[in-house]
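Reminder, nothing fancy here: chain letters follow the sequence lines and each chain counts from 1.
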Amino acid sequence: MTKTKNRLYSLYGDTVEVEFVYDETLSRYFGEYPDFDEHPRTTPCGRPWVNATKDDCPLADKEYGDCGSCEFYKCERSGDLIGVCDNELLRKEEN
Amino acid sequence: MKFETAAQAAARLGVTVRAVQKWAKEGKIIGAQKVGRDWLIPIDSVAINGTAVNTPTQIPYPFFQVPYTDGDMVQKVNDIVDEDRRNIVMAQLYYFTGNLEKTIEITERYLDFPNEQYRISAALFNAFANLCGDHIHKTRFAANIIYDEVAKLDLNDKDAAEENANIIFAAVVLKTQLHIPFDNIPLIEDHMKYMSEGLKMMSCYLSAYKAYLAKDYARSLGIAQTAVNCSERMYPICEMYCNIICAVDYINLLQIDKATEYIKKVWDIAHPHNLFMPIVEHYSLLQGLIENNFKKTYPEDYEKIIALARNYNTGWYEVYNYRNKGKITFELTPTEFTIAMLYTRNWRAKEIAAHMHMSDRTVTNYIQIIYEKLNINCRKDLEEYVLS
């Protein structure tokens, strides 16, 4: 039976639950992260959740181009692969 | 008796014209005749009179220094009469075909050999072969033998110019490919004039590699292509190295079709003789070209390359990190490392997916796995783990 565990990511009053599946070969857990491009999600105050690996944001850091390297990427704990974009220009006002 | 010019003899024996002229003048080539300013050399002259340090039977890198002629490589090596020369050549053939245990077994015996040329040759191939096993301390030991020889060089001794050039070559290979810092290695470019044609080509490969590391891909490409095109005789392994660096340059210039063209040239040389080690040494830099072009068609060869590359890279990272206090990782599989390399060069997930024949989602999953293994979450941090 596959071993799993869940983790909650909480930022700006919103919580995302991610399941981690144990890989027997590598003896470690890997997260089944949501794809926020396919399933957009925002915090109550309109900030979009993003994957650190997203690399097509027009406002991204010019040198690196991915959300994880961007100064506006905020995550609950250092190294988290999902977080929230803190850039005011991308905040969804209607939310 | 049939004769050839000193230049023809030099090419056949894998040494410089100056060396042939010097040996002829010193009476070491039986039957050599002076005609005007040139020498006529007997065409069957491996007949060297005496045991001078630098005779054609003691060239350190025969695969780089003796032009290739058609025929079975193993048979040719077995036909070499001189036992030490046969062993040195066989050890190198074992290395290029990935039989590393045998390479180590033979070269170990020559690490304290009296003749410095065989000693550095053995040390160079011993260092690389030991990278693939859990013998990194032996790689360092062998590297130190070469660096000790460099420290002893007398660059003012013009009679030893060719021997010096051979030693400098070995040191530059270690410094360039393994990134082992060593401050006092003379510039290889200053000593190329003392090298034979094939060794010059290899030295150009090293210069191209340095330009590649400086991310000057166009310059690197120019050096490597010129080296191959200017060679008058066949040096298949030297050509492989130069063409590999061309493929690596093209992939970094995002010209995948040209990169593919060059890696196929490499394969055409490597495959008939199982000369896979030059590919293994550059596997990570080839960024998916081997998977894309040969995995399906040559599954057994591909598996062999992958197994060797995994071991080689593990050793390489360990040597690199030890010397440079780096964080180059050996936690990644070859595919993960390839994706990590492409990703740090600002390839988008979609571009990597197209290149690697994967879905966008698979690439994203790979990047997540890479990040989780390394406990990082951005390209900026990944750069520290992947030598770009």
Side-chain angles (χ1 to χ4, degrees), chain A residues 3-7 9 11 16 18-40 49-87, chain B residues 215 252 254 287 303 306-307 310 313-314 327 329-356 358-388:
Chain A
K3 284 199 289 184
T4 61
K5 63 180 183 182
N6 288 13
R7 192 194 135 185
Y9 292 77
L11 278 166
V16 174
V18 174
E19 185 178 62
F20 283 73
V21 180
Y22 191 75
D23 185 317
E24 297 286 350
T25 318
L26 297 172
S27 306
R28 63 198 302 167
Y29 285 93
F30 287 99
E32 300 272 334
Y33 297 98
D35 182 340
F36 293 119
D37 276 342
E38 282 185 20
H39 306 286
W49 281 87
V50 290
N51 299 83
T53 54
K54 177 181 163 70
D55 62 0
D56 55 1
C57 173
L59 303 179
D61 176 283
K62 289 277 184 294
E63 189 177 355
Y64 295 102
D66 62 318
C67 285
S69 300
C70 178
E71 62 175 315
F72 294 111
Y73 179 77
K74 301 293 178 228
C75 51
E76 190 182 23
R77 293 180 213 164
S78 172
D80 284 351
L81 293 182
I82 57 171
V84 166
C85 176
D86 225 5
N87 191 334
Chain B
K215 300 188 178 177
N252 282 289
L254 296 178
Q287 299 174 61
E303 287 303 324
I306 286 290
R310 187 184 291 271
N313 289 348
T314 302
K327 292 189 201 169
T329 182
F330 45 86
E331 286 190 40
L332 305 182
T333 65
T335 304
E336 289 164 359
F337 196 88
T338 297
I339 290 172
M341 287 278 288
L342 294 168
Y343 197 64
T344 54
R345 286 159 196 223
N346 287 357
W347 285 45
R348 304 286 182 234
K350 280 180 185 167
E351 291 169 330
I352 299 173
H355 176 56
M356 302 284 287
M358 295 172 174
S359 71
D360 296 4
R361 184 68 198 170
T362 305
V363 172
T364 307
N365 286 343
Y366 265 114
I367 295 167
Q368 285 179 358
I369 288 170
I370 292 163
Y371 281 176
E372 290 193 339
K373 281 185 173 180
L374 304 178
N375 290 320
I376 56 171
N377 69 351
C378 63
R379 244 191 202 119
K380 192 162 43 174
D381 291 344
L382 185 59
E383 271 195 338
E384 290 185 48
Y385 291 87
V386 182
L387 191 71
S388 52

Any residue meeting salt bridge (charged side-chain N to carboxylate O under 4.0 Å, His left out) with D55(A), in chain and number order, not counting sequence neighbours: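 D55(A) satisfies salt bridge (charged side-chain N to carboxylate O under 4.0 Å, His left out) with R379(B) once adjacent residues are dropped.
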Taking only residues two or more places apart in sequence, or in another chain, which ones meet R7(A) in a salt bridge (charged side-chain N to carboxylate O under 4.0 Å, His left out)? E76(A), D80(A)
Work out which heavy atom in E383(B) is nearest to a heavy atom in Y64(A); give both atom names and the distance. OE1-OH, 3.5 Å
Quick one: pull up CG in D66(A) and OH in Y371(B) and give me the separation to the nearest 0.5 Å. 5.0 Å
Roughly how far, to the nearest 0.5 Å, is CG of N375(B) from OG of S78(A)? 9.0 Å
What residue, out of K350(B), E372(B), Q368(B), has the most heavy-atom pairs lying under 4.5 Å from chain A? E372(B)
Heavy-atom proximity to chain B below 4.5 Å, by part of [X]:
| X | value |
| --- | --- |
| C67(A) | neither |
| Y29(A) | backbone |
| E38(A) | neither |

Does Y33(A) form a side-chain contact (heavy atoms from CB on, under 4.5 Å) with T364(B)? I'd like the steps, not just the answer. CA-CA 10 Å; Y33(A) 297 98; T364(B) 307; over 6 Å; no
Side-chain touch F30(A)/N365(B), heavy atoms, less than 4.5 angstrom: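 SC-SC contact between F30(A) and N365(B) ruled out.
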